[in-house]
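Given the structure is predicted, the values throughout are model-derived calculations rather than measurements. Throughout, protein chains are lettered first and strands after them, A, B, ... in sequence-line order, and every chain is numbered starting at 1.
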Amino acid sequence: MNNPHKPLEIHDLTVSYQRKPVLYGIDLEIEEGSLVGVIGPNGAGKSTLVKTIMNMVKPNGGYVKIFGRAPKAGISRIGYVPQRETVDWDFPVTVMDVVLMGRYGHLGWLRKIGETDRRIACECLEQVHMLPYANRQIGNLSGGQQQRVFLARALAQESSLYLMDEPFAGVDAVTEKTIVSILKEMRDRGKTLVIVHHDLASAREYFDHLLLLNMRKVAYGKTEEVFKPDLLQKTYGGRLSILSDMASKSAGVRVIEKEAYFTEK
Amino acid sequence: MKLGLENFHFAGGFSVISKILLGGVFTLLLPQVLSAEQIRGPESIEFFDRAMRFFEMRDHSVRVVALGSVLIGISCGMMGSYVVTRKLSLFGDTLSHAVLPGIAIGFLWAESKDNLALLLGASFAGFLGVACISLLKKFTKISQDSALGIVLSGFYAVGICMLTRIQKMDFGNQSGLDTYLFGQVSALSTNDLIGVCASLVLITLFITLNYKELLISGFDPEYARSVRLPADILQYLLWALLAFCVITSLQVVGVILASALLIIPAASASLLAKRMSSYLCIAASLGAISGLVGAFLSFLGERLPTGPLIVLTASFLFLLILVFRPHHGILVCWVKSRLQSHRIAMENTLKAIYQVIERHNFSETSIRMEELMQRRNLGSGECMKEVNRLSRSGFATASLDPHSPSGLPPEKRVSLTPKGWEYACRIVRNHRLWELYLTNEARYAPDHVHEDAEKIEHVLGEETIRELERILSNPRRDPHGKLIPSLVDIERGWLG
Amino acid sequence: MELMDVSLFPAFDFSRVFIEPWKTPASVAWNGQVILMGLFICWTCGVLGSFIVVRRMALMGDAISHGILPGLALAFLFTGSLALAPMWVGACLAGLACSYCIEWLRLHTPIRQDAALGLVFTSFFALGVTLISLGAGDVHLDPDCILYGEIGFVPLSPSLRIGGMDLGNQALWTMGGVCSLIMGAVLVFYRHLLVSSFDSTLARSMGIRVRRIHFGLMLGLALATVACLESVGVILVVAMLVFPSVTASFFFVRLSSLLWASFPLGAAYSIGGFHLAQWLDCSLAGAMATFAGIVFIPCCLLGPQDGIIWKLRRGTNNFRMN
């Protein structure tokens with residue numbers, strides 16, 4: 001695919017909401033076909049970043065562009081795998097239903113789910129080794145299986161950019177390996193994947209790009225360039241307290257007037 | 001309507017119990033309540049007369065109604081504090097509906113509207129409802145809200161069936177029954193008052209005796225269990241008391257609105273109180289006020305229902321608190337944001353003046369209005385308003401240029417007073433220090449930092465500035481190479 | 001005069017309960033209308049209720065159904081008549097206002113959702129009752145009717161005439177219209193409803209307006225409530241909303257199955273409730289909801305999906321194995 005726009009472009013993004021973790025002036029451009037791990041300590045704003053990209057949180061400044069489009073229009077091209085805790089597992093849907101939901105975006109208004117959609121859904125389930133469970137209610141699955149179902153749904157969406165919030169949380173070692181191999185395979189097919197990850201130890205082998213995040217972007221680049229003790233120290237070595245203080249204070253300031261933008265040069 | 005008097009022989013007992021338990025305020029009131037004969041005045045009393053009659057409290061019915069409403073308001077307010085903080089709000093609603101079949105059974109059992117039987121029946125049904133909810137929660141995957149919905153509507157349906165059945169059966173005296181749906185405060189008897197008092201006393205005793213245990217088990221049940229507090233038993237006792245409280249208030253506000261008296265005062269208190277003790281006090285007093293005002297309002301009109309009016313008063317108080325509460329109230333927030341935007345606009349104007357002066361290399365002390373207009377990107381009217389506001393605060397003075405070329409109208413010029421100059425320097429200093437901090441410490445690109453500093457400059461406190469100076473070791477130049485006015489400069493008054 | 005039956009449970013007489021209502025053509029027509037009305041109500045509420053229950057908003061049904069009261073009262077006070085159109089507009093607006101207030105309180109104050117819900121709907125209801133007793137004290141719009149309705153009066157409703165043609169019972173037509181409207185909307189928006197209930201983020205990324213779906217559902221709820229109001233009353237609307245899908249959830253694990261199951265269940269409630277009321281000689285609507293409760297109990301105990309009995313037996317088996 002020759003796309004003139006980068007899958008994900010973030011410019012000077014500032015997000016703050018009531019005393020919660022914030023993002024401060026993030027600049028980021030992700031190339032097509034990269035497998036990016038987002039790592040940082042708790043409360044570093046990893047989930048906030050994902051939420052902002054998914055247009056669930058409005059930024060205070062800066063912008064996000066998905067394939068050159070604003071999030072509102074752009075998120076239709078994102079396959080999103082939510083954090084496991086945010087899903088209602090008692091919801092009356094089967095595994096197959098969940099995967100088919102991934103196809104809804106491709107269906108027109110009032111169009112029925114066709115044979116092709118079912119076939120694709122089955123293939124996706126097969127890929128994550130979940131086809132035998134297709135008629136189970138999602139609550140009756142183990143944590144790893146649930147995660148794989150959502151991965152299958154993302155696969156069925158056939159998006160070009162994938163966003164996953166902690167896909168390895170509460171997952172057994174075997175599933176983790178399966179998921180990683182699927183992720184790598186997806187990358188090889190030219191998909192772009194952005195994955196929020198909490199485990200520093202495994203990050204090095206899983207991802208080929210890393211974004212070190214702690215309120216601000218500490219570093220972004222190839223894993224071997226970024227995975228350096230001094231940068232990691234900076235990421236995990238506490239936050240700049242003044243920065244976080246001021247960020248939450250400035251959240252209260254509304255920009256009331258549209259001022260002339262005078263560049264001080 | 002005569003129900004108020006039918007159990008008059010209990011009056012002595014009532015007085016003793018309440019004297020012991022309620023103390024001060026009510027002892028003055030109660031003897032009058034009990035000794036007065038009931039006066040039902042003519043129906044066409046003027047509005048004003050009605051109000052007077054209410055305040056004089058000469059009628060027996062008025063006293064019973066007012067006292068009952070106030071007492072129920074207090075007990076519901078206190079109970080509600082625990083209901084709302086423990087996220088049981090809809091539990092009260094469910095409970096108040098679930099008691100309906102119990103009322104019907106109690107009626108059947110006693111074959112008349114006997115309060116004790118009704119109370120027992122209602123308690124039985126209430127506890128059965130609570131048990132059903134706990135069982136559904138424990139043994140099925142039905143979510144809490146559905147379980148509440150099932151118990152609420154299921155029990156209520158059975159209750160409706162029984163009530164309609166009873167109406168078809170041959171009982172002479174069943175008139176009091178439908179008052180349980182909406183409550184009929186005028187039918188409140190002294191006997192009912194005993195129940196209300198008893199529930200208030202029980203609740204007060206329970207809360208005062210178990211205050212800290214309730215606090216711990218409500219806030220952190222796991223911890224409560226770990227220190228061997230009987231959190232479960234407390235929970236069940238609380239439910240039992242809740243049922244009792246709801247049942248006694250049914251007569252006044254009715255099934256549907258009983259939960260309102262639990263929730264609304266407590267929710268209002270949650271907007272104000274910081275501690276559980278003040279929470280309880282606020283909720284109880286709000287409950288009492290709504291009870292009194294509601295009773296008063298319903299006394300004013302002919303057919304006005306007391307229960308709904310009490311609830312409406314409570315909601316009105318809630319609205320008042322929502323709007324006028326300190327710190328986060330709608331009004332306070334609005335005023336704050338107005339003040340803040342005025343301050344920010346003023347600071348921006350001061351900064352713009354500074355920047356114009358800076359562009360002239362600090363050679364002149366006043367600037368032309370036109371330059372300021374350009375800098376601030378404002379029209380002349382708006383700009384004039386800003387300058388006027390500055391001069392009113394003593395930060396700047398506007399004057400006409402004596403040296404303007406003849407023939408043209410004289411130009412307006414603005415100059416800063418020493419105070420204004422100091423303020424402007426401080427804002428510019430804030431802005432530039434922050435830019436420098438972002439570039440040096442947080443590693444932002446210099447062309448990124450301006451927009452952010454535009455906001456932060458208005459909220460940087462004195463302490464943060466000192467901290468920034470320390471970190472940046474008293475810098476002289478900002479990332480764009482401009483002079484950062486130093487403290488000494490500011491004190492000296494002028495630069496350059 | 002005949003002595004009235006004094007026991008709570010009159011003797012069960014098969015022919016009186018099951019045969020008599022269907023003996024003469026006139027009684028068949030009369031009772032048929034009642035049962036048809038019951039069917040419409042159960043189906044409408046069952047389908048809406050499935051979505052409301054899976055969204056964990058079962059008590060939102062309670063809230064909205066109470067919250068429409070001031071709308072009804074205001075509509076009556078302004079127009080001075082019991083005409084349908086203003087009543088419906090008033091009720092729907094009040095229902096939406098109620099759900100909006102709940103949302104606002106939840107988002108902008110520290111008050112939690114359950115408290116916000118309880119606070120708003122009781123206030124709305126109190127306002128409604130007060131308005132009614134202020135302005136409409138003598139008229140038919142009495143709170144009792146709104147509380148438990150009387151479906152038995154449905155055949156008394158005037159007949160609908162269009163261009164001189166007598167089309168039959170007006171109340172029945174109205175309810176049927178609402179029923180088909182809501183069915184149609186659910187058919188068209190099924191996928192939107194499913195996705196936005198299960199995973200609102202996915203829904204948003206597919207361009208679904210999640211908030212609009214939410215308020216649409218609330219509007220449907222208000223519409224259904226006001227249509228059912230005269231027949232079954234507020235609380236029994238809640239029963240009809242909650243019971244079908246919760247009962248069905250002991251048998252099925254898919255939302256679409258829950259929806260389909262609400263049709264036979266609705267029929268069972270309607271017919272069973274009718275005969276229960278025949279036997280006990282009590283409120284029809286109450287009997288229908290009671291019957292729903294009666295059906296619920298064995299399903300909850302014996303249902304193949306997580307029925308209590310199976311769970312307990314599995315529990316003891318595990319215990320033995322240990």
Go through the side-chain N and O atoms of S298(B) and T306(B) and say whether any donor and acceptor fall under 3.5 Å apart. yes
Engaged part of L262(B) at the chain C interface, taking heavy atoms whose separation is under 4.5 Å: neither
So which of L276(C), I294(C), D281(C) has the biggest tally of heavy-atom pairs under 4.5 Å with chain B? D281(C)
F121(C) portion near chain B, given a 4.5 angstrom heavy-atom threshold: side chain
Over all heavy atoms of both residues, which pair between V151(B) and C132(B) is shortest? Give the atoms and the distance, please. CG2-CB, 3.9 Å
What part of I111(C) lies closer than 4.5 angstrom to a heavy atom of chain B: side chain, backbone, both or neither? side chain
State, to 0.1 Å, how close S65(C) and V238(C) come at their nearest heavy-atom pair, and which atoms those are. OG-CG2, 4.0 Å
Which one of G61(C), S249(C), A126(C), A58(C) has the most heavy-atom pairs closer than 4.5 Å to chain B? A126(C)
Under 4.5 Å from any heavy atom of chain C, what part of L261(B) do you find: side chain, backbone, both or neither? neither
Can you tell which part of F318(B) gets under 4.5 Å to a heavy atom of chain C, answering side chain, backbone, both or neither? side chain
Report the option among I142(B), V84(B), T94(B) that has the most heavy-atom pairs separated by less than 4.5 Å from atoms of chain C. I142(B)
Heavy-atom distance under 4.5 Å to chain B: side chain of R56(C), backbone, both or neither? both
For L88(B) versus D114(C), what's the shortest heavy-atom pair and its separation? N-OD2, 3.9 Å
Can you confirm whether F251(C) is buried at CZ, in the sense that more than 12 heavy atoms of other residues, nucleotides or ligands lie under 6.0 Å from that atom? yes
Measure across G286(C) and A157(B) and return the closest heavy-atom pair with its distance rounded to 0.1 Å. O-CB, 3.7 Å
Counting only non-hydrogen atoms closer than 4.5 Å, does A287(C) touch chain B with its backbone (N, CA, C, O), its side chain (CB onward), both, or neither? both
With side chains defined as the heavy atoms from C-beta onward, is the minimum distance between D145(B) and L90(B) less than 4.5 Å? no
Identify which part of L322(B) has an atom lying under 4.5 Å from any heavy atom of chain C, answering side chain, backbone, both or neither. side chain
Does the side chain of C45(C) come within less than 4.5 Å of V237(C)'s, by heavy atoms? yes
Could you look at F296(C) and say if it's the side chain, the backbone, both or neither that has a heavy atom under 4.5 Å from chain B? side chain
